[in-house]
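Take a look at the structure below.
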2 protein chains.
Amino acid sequence: MEHAEGSAAAASRGPCAAIPADQMGFVRQILDRVGDKWSMLIIACLEDGALRYTDLQRDVSGISQRMLSHTLRQLQQDGLITRTAYAEVPPRVEYTLTPLGRGLIDIVKQLIGWVSDHHDEIRAHRDRAAAGS
Amino acid sequence: MEHAEGSAAAASRGPCAAIPADQMGFVRQILDRVGDKWSMLIIACLEDGALRYTDLQRDVSGISQRMLSHTLRQLQQDGLITRTAYAEVPPRVEYTLTPLGRGLIDIVKQLIGWVSDHHDEIRAHRDRAAAGS
DNA sequence: CAGTATCCCGACGGATACTG
DNA sequence: CAGTATCCGTCGGGATACTG
């Protein structure tokens, strides 16, 4: 079945099998958000429960305040996490996953797991490609 | 069990539960590669089998030649896809997933599936956040 | 403690033109 | 057909300094 395009069966699922094609733009958009440099890590870190700003800054480690604040706000606006501020001194703010965000952690964990499992393999390929030609 | 930190149990798994912390840098690096704007889409599109350059350009649609070439080369260097050129006229080049890359499609498909399932939900949150305050 | 504001640079990434 | 090369604007994202 080389192409199978033009058939009625293929019409509904678009060119990419997995992607409805009319949603391609959207998928890209969300994928960009969710798959950006920090979102996944933050989501993964929130798996265990609420974390404070500083905790996240430490756990994700490499992240700058700017990116942490920014990403947290994005995630919050997308309804993936909730922000709870306690009016005390010193101020305390906790971030937790929403049910929506919780639906993502399984996938995120799988992805991170996969990366952990294969990073050396990828590294090897990358090196060979860089060295050889 | 507010924090439970300091316990011996927590020590081995680092701050983030899912991430060994010493691998955090790596994870970030690969995650960046895999989670970039186009890689996931290309991988998803290659699920069914080999595709040619032009096919990919059509399937991923929004992508420019520059980014398609670039991303393909990245993926190839990471050992996620293979490039096969046939010395004919007109030239034909086919891209396929390696076993390594194939290990990713399940996760990628899950992620795309999740996004498809919840994009309206996310959209709603995003709109409310933008409108309300 | 939990951010915001500003500066700034490099990479991302689109458009266009050209090549084997 | 399957790219590469160049130009160029936009944005991600780090460093630093400041605020409630």
Side-chain angles (χ1 to χ4, degrees), chain A residues 2-3 24-25 27-42 45-46 50-78 81-96 129 133, chain B residues 2-3 5 15 24-25 27-42 45-46 50-78 81-96 129 133:
Chain A
E2 29 269 9
H3 279 138
M24 174 72 94
V27 171
R28 274 233 309 92
Q29 198 176 325
I30 310 286
L31 220 54
D32 253 28
R33 173 67 49 87
V34 150
D36 80 359
K37 202 165 188 170
W38 303 109
S39 299
M40 293 241 192
L41 275 337
I42 291 180
C45 287
L46 286 176
L51 284 181
R52 308 172 56 169
Y53 186 85
T54 337
D55 294 333
L56 283 169
Q57 196 168 202
R58 168 174 296 121
D59 286 5
V60 184
S61 107
I63 200 168
S64 60
Q65 291 108 327
R66 189 171 118 78
M67 276 303 108
L68 182 54
S69 301
H70 183 70
T71 308
L72 285 173
R73 202 175 315 124
Q74 301 286 355
L75 291 173
Q76 184 191 353
Q77 287 182 355
D78 285 357
I81 65 173
T82 56
R83 193 192 105 117
T84 313
Y86 300 89
E88 336 172 318
V89 274
R92 186 168 52 113
V93 178
E94 287 188 342
Y95 295 92
T96 60
S133 98
Chain B
E2 27 270 11
H3 279 138
E5 61 194 5
M24 176 70 95
V27 171
R28 273 233 310 93
Q29 199 176 323
I30 311 285
L31 221 54
D32 251 28
R33 174 66 49 88
V34 151
D36 80 0
K37 203 165 186 168
W38 302 110
S39 298
M40 292 241 192
L41 275 338
I42 292 180
C45 286
L46 285 176
L51 283 181
R52 308 171 57 169
Y53 186 86
T54 338
D55 294 333
L56 283 169
Q57 195 168 202
R58 169 173 297 120
D59 286 6
V60 184
S61 106
I63 200 169
S64 61
Q65 289 107 329
R66 189 171 121 75
M67 276 304 107
L68 182 53
S69 301
H70 183 71
T71 309
L72 285 172
R73 203 175 315 124
Q74 301 286 355
L75 291 173
Q76 185 192 353
Q77 287 182 355
D78 285 355
I81 64 173
T82 56
R83 194 192 104 116
T84 315
Y86 300 91
E88 337 173 318
V89 274
R92 186 166 54 113
V93 178
E94 287 188 342
Y95 294 92
T96 61
S133 91

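Everything numeric in this text was worked out from a predicted model, so none of it was measured.
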Nearest whole Å is fine: how far is [N] [atom2] from [X] [atom1]?
X       : N      : atom1 : atom2 : result
A:Arg73 : D:dG12 : CZ    : P     : 13 Å
A:Tyr53 : C:dC1  : OH    : P     : 12 Å
A:Leu51 : C:dG3  : CG    : C1'   : 17 Å
A:Asp55 : C:dG3  : CG    : C1'   : 15 Å
A:Glu88 : C:dC1  : CD    : C1'   : 11 Å
B:Glu94 : D:dC1  : CD    : P     : 14 Å

With side chain to side chain contact (heavy atoms under 4.5 Å, CB included) as the test, would you mind laying out the steps for B:Leu41 and B:Ile63 before giving the verdict? CA-CA 10 Å; B:Leu41 275 338; B:Ile63 200 169; over 6 Å; no
How long is the straight-line distance from [atom2] of [Y] back to [atom1] of [X], given to the nearest 0.5 Å?
X       : Y       : atom1 : atom2 : result
A:Glu94 : A:Arg83 : CD    : CZ    : 11.5 Å
B:Arg92 : B:Arg52 : CZ    : CZ    : 6.0 Å
A:Leu51 : A:Leu46 : CG    : CG    : 5.5 Å

Mind checking if B:Tyr86 touches a base, just sugar-phosphate, or nothing, with heavy atoms under 4.0 Å?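 Result for B:Tyr86 = nothing.
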Which of these nucleotides, C:dT4, D:dA2, C:dC1, is closest to any side-chain atom of A:Arg52?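 Closest nucleotide among those given: C:dC1.
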Which one, C:dC1, D:dG3, D:dC1, comes nearest to the side chain of A:Pro90?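 So the nucleotide nearest the side chain must be C:dC1.
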Using the rule given for side chain to side chain contact (heavy atoms under 4.5 Å, CB included), can you reason through B:Leu72 versus B:Leu56, listing the C-alpha separation, both sets of side-chain angles and the distance that settles it, and then say yes or no? CA-CA 10 Å; B:Leu72 285 172; B:Leu56 283 169; 3.9 Å; yes
I would like to know whether B:Thr84 and B:Tyr95 meet side-chain hydrogen bond (donor to acceptor under 3.5 Å, both in side chains); could you show each step before the answer? CA-CA 6 Å; B:Thr84 315; B:Tyr95 294 92; over 6 Å; no
Side chain to side chain contact (heavy atoms under 4.5 Å, CB included) for B:His70 and B:Trp38? Distances and angles first, verdict last. CA-CA 10 Å; B:His70 183 71; B:Trp38 302 110; over 6 Å; no
Taking protein heavy atoms under 4.0 Å as touching, what does nucleotides 11-20 of chain C look like 5' to 3' if B marks base contact, S marks sugar-phosphate-only contact and - marks none? --BBBB---B
Taking Watson-Crick and G-U wobble contacts under 3.5 angstrom, with | marking pairs to another strand and [ ] crossing pairs, the secondary structure of DNA chain D is written ||||||||||||||||||||
Looking just at side-chain N and O atoms, do B:Thr71 and B:Ser39 make a donor-acceptor pair shorter than 3.5 Å?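 Checked: B:Thr71/B:Ser39 side chains show no N/O donor-acceptor pair below 3.5 Å.
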Are any of A:Ser69's side-chain N or O atoms less than 4.0 Å away from OP1 or OP2 of C:dT4? yes
To check you understand the geometry: which heavy-atom pair defines the closest contact between A:Leu31 and B:Met40, and what is its length?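 Nearest heavy atoms, A:Leu31 then B:Met40: CD2-CB, 3.8 Å.
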